[in-house]
Amino acid sequence: MLNAGDLAALWLTFKIASLSTILMLLLGTPLAWWLARTQSRWKGICNALVAMPLVLPPTVLGFYLLIMMGPKGPIGQLTELLGIGTLPFTFGGLVMASVIYSLPFVVQPLQASFSGIGRQPLEAAATLRASPLDTFFSVVLPLAKPGFLTATILGFAHTVGEFGVVLMVGGNIPEKTRVVSVQIYNHVEALEYSQAHWLAGGLLVFSFTVLLILYSVLKTQPSSQPFK
Amino acid sequence: MKTGAITASFQLDYGSFKLEADLSLPGSGISVLFGDSGSGKTTLLRCMAGLERPQHGFFGINGNVWQDSDKNVFVPTHQRSLGYVFQEANLFPHLTVAENLQFGLKRIATQPSNGTILNAVVELLGISHLLDRMPERLSGGERQRVAIARALVLNPAILLMDEPLASLDLKRKQEVMPYLLKLQQEFNIPIVYVTHSRQEVMQLADYLVILENGHVQADGVLRDMLGRLDLPLAQDKDAASVWQGTITGHDNEFQLSNVEFNGVSLSLPNIDAGYGTRLRVQIHARDVSLTLEAPSQTSILNVLPATITGLADDQSGHTIVRLTCGQETLLAHITRKSSQLLGLRADLPVFVQIKGTSLLH
């Protein structure tokens, strides 16, 4: 069964994933909206940057984050200036790394969802006296609900599953940076296969359940149908 | 720049497409923007709504200026008192019909008359049984009626309609058309209506603007425009005149109705409507023939004295003759040979025989 260390790892993982998902939604929504609507020449560069974590080995991403967050890196100097200290091997550092690592899983579904809405409902809302901000909340958000659902679940689930970035940025500190995936690695290293089975199997069931719920909810969402 | 109740002057350059229009439209009735696809009619309408922002533009309605690029004035769409009906109904799919109707109402200053207008509009467009439905459960015609109602409940200063019937099949068009006519009669809101359909021009237009390649080819009241021999409308094989008149009597024995127009009256096949009913009749130019003397024995009921006011030859051996009949304008398409044999010329008094008419509404 699960021991105290496993439970601490689970709780830590849950905290990091929840906080990261909230931050990614706050950050990703305006970013995805801008990417879906803009004609700017920066759009290509921005799209590429957001998508980078999809193709980069997590260790590469983790390595550069570690350096940037370090005392000589730009982020590290900023955080030290603000009196927070440096971020590597802290909870805050892990959350920040998670946000960058999982951002494409939030931005891309949102962006696709916003693009799919098209300009027609926005123009209809404008002719019905709704300001752009009003339109965003009263028309865009409800119509993009399936996109938000996908973004939330994928963002959360992907953060739960990260390993390489955590190891590079967070290390292996119990109750601070030792998340489930790292704990599994520890068990396997120590040849505690039955302990590893409980956690690994748990993650397997978790991932499948989450995706199953996501796809069945999306199937029954009326507003995921083409705009009429 | 022209001035009037509605002044619209736009210069817009999208590279491959240019729009240049300088218009003054009447403050009541239906002004139709007519042209082929690519003529710029929808772009012109979108400029009026502020959905496009042309580099140079002026738009004023009844003293309110919504755009004046010289003074850097541009009122954004959501602050303009307008109603807009899109080609596709464009209802919000996540809201019921009632919520779609309320969407705009909730955003304008609450007036005690809001509820009254809502009820009147729902009644007028016959959608009271649809209020709880979602848009996806409506037919195309119903959807378009809801869209018209949604624009109308705001009691806007102007109603802009972009081919509201174009996406509907013939049956649905006939379902929606009567509502458009009622709307014009019961709400005194100026309407700017975009279409490429000659039939809709004939049925709806009071004022007509013909657009071609982003330019205004001609504009004027419908009667004058239909009589312009230099325009494609008169040269078309389906060219017609439109007269508006009033029912003044019924002849039950022969099943005929008498309709009085401007200084001239016609006997028409029985019309099922009471005395005083206003109606609009279309007379195709091909259904009008000319004689120099009053025909004494003819099967044609409507023989009227008229005076030729203009002639033009087309490319296919026909002559288009414009006549004045009472104070109405009439077009006749005859062969060029007949025209020469009769020696037709301007100011010549003749008799017209009208073989048939069609009731537009």
Side-chain angles (χ1 to χ4, degrees), chain A residues 25 29-30 32-34 36-41 109-152 214 216-228, chain B residues 42 45-46 48-53 75-96 99-109 133-140 142-144 146-156 158-162 167:
Chain A
L25 285 172
T29 303
W33 178 246
W34 179 76
R37 309 270 305 157
T38 185
Q39 310 277 333
S40 159
R41 60 204 173 94
L110 289 182
Q111 193 180 339
S113 200
F114 292 153
S115 302
I117 290 173
R119 67 174 190 187
Q120 284 192 325
L122 310 182
E123 291 187 342
T127 66
L128 295 167
R129 314 287 185 275
S131 68
L133 194 67
D134 182 356
T135 302
F136 185 80
F137 285 104
S138 58
V139 176
V140 174
L141 285 191
L143 290 182
K145 213 161 71 184
F148 275 97
L149 194 68
T150 310
T152 307
L214 174 65
S216 26
V217 170
L218 283 185
K219 214 173 97 185
T220 55
Q221 272 284 329
S223 48
S224 65
Q225 287 166 5
F227 186 76
K228 279 184 187 148
Chain B
T42 293
L45 196 74
R46 289 173 59 83
M48 294 181 184
L51 294 172
E52 304 285 336
R53 188 171 181 171
V75 179
T77 302
H78 69 275
Q79 289 170 9
R80 300 185 180 198
S81 171
L82 56 81
Y84 200 102
V85 179
F86 296 84
Q87 186 170 341
E88 307 290 338
N90 214 348
L91 301 177
F92 299 121
H94 61 298
L95 301 178
T96 64
E99 288 164 340
N100 266 282
L101 295 177
Q102 291 283 356
F103 189 93
L105 271 186
K106 282 196 293 196
R107 287 166 173 80
I108 57 174
R133 296 237 197 120
M134 296 305 283
E136 64 187 10
R137 300 221 23 245
L138 302 178
S139 73
E142 289 169 339
R143 228 174 267 163
Q144 204 55 273
V146 173
I148 295 167
R150 186 175 67 169
L152 205 56
V153 289
L154 301 176
N155 197 19
I158 188 170
L159 184 59
L160 305 171
M161 307 181 92
D162 184 10
S167 63

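- Residues E123(A) and F86(B) have side chains in contact (heavy-atom distance under 4.5 Å, counting atoms from C-beta outward).
- Counting heavy-atom pairs closer than 4.5 Å to chain A, the top residue among R150(B), M134(B), K106(B) is R150(B).
- Closest heavy-atom contact between N90(B) and P121(A): OD1-N, 3.7 Å.
- You'll find the side chain of R107(B) stays beyond 4.5 Å of the side chain of L128(A), heavy atoms only.
- No side-chain donor-acceptor contact under 3.5 Å links R129(A) to the backbone of T77(B).
- The two atoms that bring A130(A) and F103(B) nearest to each other are CB-CE2, 3.9 Å, heavy atoms only.
- Of the two parts of S138(A), the backbone and the side chain both hold a non-hydrogen atom closer than 4.5 Å to a non-hydrogen atom of chain B.
- The choice from S81(B), A49(B), G83(B) that makes the most heavy-atom pairs within less than 4.5 Å of chain A is S81(B).
- Highest contact tally toward chain A, considering only Q79(B), H78(B), R46(B), is held by H78(B) [criterion: heavy-atom pairs under 4.5 Å].
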